[in-house]
Amino acid sequence: MAGCRGSLCCCCRWCCCCGERETRTPEELTILGETHEEEDEILPRKDYESLDYDRCINDPYLEVLETMDNKKGRRYEAVKWMMVFAIGVCTGLVGLFVDFFVRLFTQLKFGVVQTSVEECSQKGCLALSVLELLGFNLTFVFLASLLVLIEPVAAGSGIPEIKCYLNGVKVPGIVRLRTLLCKAFGVLFSVAGGLFVGKEGPMIHSGAVVGAGLPQFQSVSLRKIQFNFPYFRSDRDKRDFVSAGAAAGVAAAFGAPIGGTLFSLEEGSSFWNQGLTWKVLFCSMSATFTLNFFRSGIQFGSWGSFQLPGLLNFGEFKCSDSDKKCHLWTAMDLGFFVVMGVIGGLLGATFNCLNKRLAKYRMRNVHPKPKLVRVLESLLVSLVTTVVVFVASMVLGECRQMSSSSQIGNDSFQLQVTPVASEDVNSSIKTFFCPNDTYNDMATLFFNPQESAILQLFHQDGTFSPITLALFFILYFLLACWTYGTSVPSGLFVPSLLCGAAFGRLVANVLKSYIGLGHIYSGTFALIGAAAFLGGIVRMTISLTVILIESTNEITYGLPIMITLMVAKWTGDFFNKGIYDIHVGLRGVPLLEWETEVEMDKLRASDIMEPNLTYVYPHTRIQSLVSILRTTVHHAFPVVTENRGNEKEFMKGNQLISNNIKFKKSSILTRAGEQRRRSQSMKSYPSSELRHVCDEHVAPEEPAEKEDLLQQMLERRYTPYPNLYPDQSPSEDWTMEERFRPLTFHGLILRSQLVTLLVRGVCYSESQSSANQPRLSYAEMAEDYPRYPDIHDLDLTLLNPRMIVDVTPYMNPSPFAVSPNTHVSQVFNLFRTMGLRHLPVVNAVGEIVGIITRHNLTYEFLQARLRQHYQTI
């Protein structure tokens, strides 16, 4: 270990010997997830698979198109509308289930503990009350941690993972039925267990899982649940439904259908159109009114009244009729809101920085250890939180008079309660450890559900002292930061809102008591403080503004909320990223931003593409296909034929007009020299054990030197496929010239398609014509979606290695492609907006010279290429 020079031998959860790391190439380390940490950052990993939003226009799909007409198209569209309605209803029911049991368990716990505290305050047995509270909290948190052990993806809020999915990255297990069950049950236990987490964030994840699974009518977790439903068997349709489900989750959580639609648009969906907008909004409305209908009926007994639009209701902000000087906000208050936005951005950046350090510590020291350690960490957090809550309520709380008005400083404050929130606000006042006719202001915040505490801060005027608010903010800030990232389902919206509301009320109290601004409405400042702190953490602008406006049902708050969120985002972005982007980066997910930086346009497609290609021929032997699939990890392969007529000219290093010509300092580099330069850092192809070269191949005659070479290549571009060599596959025995010979590009075929062809025995013998090869329909090709068989599970004894597979009917003959000289900004916009998975780089005469994937467009990769560009100038 002395030769490691102090480098870490363990990276995240993958452990390796330091000596091994030094001998591996950067590509191998990235694929294995063992990345070198440069400046303590984690680079995007290559082993994440992308979603394919582009349609594969192959022969089976064209057969489906031939049978389509306007009537079937309208039927398909009607089924899609029914699906989004069903997704909204089911998401609302999931929210109803979680809310019902959270309320049930919370009322049970606080009822028992409150009775015990009131009795033990007289008898001196408060230790028994603490043990009862610990018993409830530790039991609930233990159950939540066990559910995360069953499905680790259920931990956290799920918003970073759904953001990745909408961005086009397939995160394993993120939209499975088992994940939904563990997330729904786990979040109700973690919230009921007294952890500083919310149930609103996981609702977004739950809605996305419903959107992904419901239209499939089958489940991997429950294999018996399977119906013959031929629709929506593609990543394109599934991703649209996930967008609708995520929006429905936001709508159910906050009663904000428009905000949910904007959230789905702002936080990831790279492809969007008007039709999808209508469907997502309809799905959000369905979720909101389903939850509203059942909650209003269950809690108030008035079915059909629609009184509770979401899980989190802010109530009505309204000044007292007796106070003529009161205004919700004035133009002068905007200056204070801007300052609060700056402070909220700084606090959010601090929160994110601390949480990032905690997350890295967990990745290095907690996750590699046995899973029981994660459960113990969650129980430790629950234990500390419970003790802090109880001790702070007993020691740090102030006993305040229970009267309609009370004197604080020189100002008189009215106890104002809006009609909507009056029942919750009055019933949530706690008298712990205080004499008669008084209540404990700290216990009123700590010994209540977080939603009730938010209502207290929004709608109670003059009930909290500045010292109580400051201590509450500090304690809640630290404990919420520690809790987010533990192995329990947890949301961050409500804890951030509650912490920020305490900050806003503190500012209002200071302005009223010490500066003498009597016109200030404390509830407004609490709302702005909540928006500032939440915006400083998550860095959302458009959707969060609309969500808060819909939650308050007060359109006049639109301008101050928007200004506050913008200032908080700008301030926080100066120091670090949002909390969700930080956790995405810690997972090494290759997330694509909305656009590239201006400086990146100095690069071209030829600078960022992968030139070392693994390809297949239109007619390839089974032995070669198996070799390629088993010795590579690529998810798509170009289908090519070789330009044998130009091979000798190419090997001589002569300049070919047809190939990629790169101008640099007035000199033209030949393609061979350019490819050699690019391939110096590339590892060679793995050897093929099944390679058999056809001996009967005879190279065509070399073209006459005086003939127009460009004209020959243009003519050959439109001729049918030339003589093929199905035995050959890329090998490390090939020379550099052989590996980079001119290849005419004909299309792309996916790994899943090749494996499906092998599993179903789609091939023909040498003595037959390719017309004798069995044909698969579109339904048969998509039957195993989304989990296609793996090549390593294939029984090779059932295959004849000399048989030939004609891949041309199943490849995509017309994928999106770019020229080698295309600027990076154009490449990026095409790749992101069209939701592509692979982007071939094809020169002017149809020869493929490289391929671009998501990894080649990440910020870190482009920065590295830009540094190389500057070094070559």
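When a residue number appears, it is its place in the shown sequence, counting from 1. All of these numbers come straight from a predicted model, not from anything done at the bench.
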- Would you please classify the geometry between the Phe314 ring and the Phe458 ring as parallel, tilted or perpendicular, with 30° and 60° separating the classes? perpendicular

- Query: Any idea how Phe477 and Phe351 line up, ring-wise: parallel (<30°), tilted (30 to 60°), or perpendicular (>60°)?
  - Reply: perpendicular

In plain terms, say whether [X] and [Y] are close enough for a salt bridge, that is, a side-chain N and a carboxylate O under 4.0 Å apart.
{"X": "Lys183", "Y": "Glu151", "result": "no"}
{"X": "Lys569", "Y": "Asp573", "result": "yes"}
{"X": "Asp240", "Y": "Lys279", "result": "no"}
{"X": "Asp237", "Y": "Lys80", "result": "yes"}

What's the shortest heavy-atom distance between [X] and [Y], and which atoms?
{"X": "Val84", "Y": "Ala244", "value": "CG1-CB, 4.5 Å"}
{"X": "Ala568", "Y": "Gly536", "value": "CB-N, 3.9 Å"}
{"X": "Leu592", "Y": "Leu857", "value": "CD2-O, 3.6 Å"}
{"X": "Ser382", "Y": "Leu195", "value": "CA-CD2, 3.8 Å"}
{"X": "Ile547", "Y": "Gly259", "value": "CG1-CA, 3.8 Å"}
{"X": "Leu166", "Y": "Ser243", "value": "CD2-OG, 3.3 Å"}

Indicate yes or no for a side-chain donor-acceptor contact from [X] to the backbone of [Y] under 3.5 Å, with no hydrogens or angles considered.
{"X": "Thr179", "Y": "Gly173", "value": "yes"}
{"X": "Ser378", "Y": "Arg374", "value": "yes"}
{"X": "Asp54", "Y": "Leu836", "value": "no"}
{"X": "Thr106", "Y": "Val102", "value": "yes"}
{"X": "Thr91", "Y": "Ile87", "value": "yes"}
{"X": "Arg832", "Y": "Glu593", "value": "yes"}
{"X": "Ser145", "Y": "Val488", "value": "no"}
{"X": "Asp99", "Y": "Gly95", "value": "no"}

Rounded to the nearest 0.5 Å, what separates atom [atom1] in [X] from atom [atom2] in [Y]?
{"X": "Thr486", "Y": "Leu358", "atom1": "OG1", "atom2": "CG", "value": "10.5 Å"}
{"X": "Asn355", "Y": "Leu492", "atom1": "CG", "atom2": "CG", "value": "8.0 Å"}
{"X": "Ile298", "Y": "Phe293", "atom1": "CD1", "atom2": "CZ", "value": "10.0 Å"}
{"X": "Phe105", "Y": "Phe100", "atom1": "CZ", "atom2": "CZ", "value": "9.5 Å"}
{"X": "Ile582", "Y": "Lys356", "atom1": "CD1", "atom2": "NZ", "value": "6.0 Å"}
{"X": "Leu281", "Y": "Thr261", "atom1": "CG", "atom2": "OG1", "value": "4.5 Å"}

Does the gap between the ring centers of [X] and [Y] come in under 6.0 Å?
{"X": "Phe97", "Y": "Phe294", "answer": "no"}
{"X": "Phe101", "Y": "Phe185", "answer": "no"}
{"X": "Tyr484", "Y": "His583", "answer": "yes"}

Exercise: do [X] and [Y] side chains pair donor with acceptor under 3.5 Å:
{"X": "Glu161", "Y": "Tyr580", "value": "no"}
{"X": "Asn167", "Y": "Arg854", "value": "yes"}
{"X": "Asn352", "Y": "Arg357", "value": "no"}
{"X": "Thr386", "Y": "Asn137", "value": "yes"}

Would you indicate whether [X], at its atom [atom1], is surrounded by more than 12 heavy atoms from other residues, nucleotides or ligands within a distance under 6.0 Å?
{"X": "Phe85", "atom1": "CZ", "answer": "no"}
{"X": "Phe142", "atom1": "CZ", "answer": "no"}
{"X": "Trp278", "atom1": "CH2", "answer": "no"}
{"X": "Lys170", "atom1": "NZ", "answer": "yes"}
{"X": "Phe289", "atom1": "CZ", "answer": "no"}

- Could you tell me whether the side chain of Phe110 reaches within less than 4.5 Å of the side chain of Pro449, counting heavy atoms only?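 They are in contact (side-chain heavy atoms under 4.5 Å apart), so the answer is yes.
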
- Quick one: salt bridge (Lys or Arg N to Asp or Glu O under 4.0 Å) pairs with a partner in residues 189-209, sequence neighbours left out? Lys199-Glu451

- Task: Go through Tyr165 and Ile174 one step at a time and tell me if the side chain to side chain contact (heavy atoms under 4.5 Å, CB included) criterion holds.
- Result: CA-CA 8 Å; Tyr165 195 94; Ile174 195 63; 4.0 Å; yes

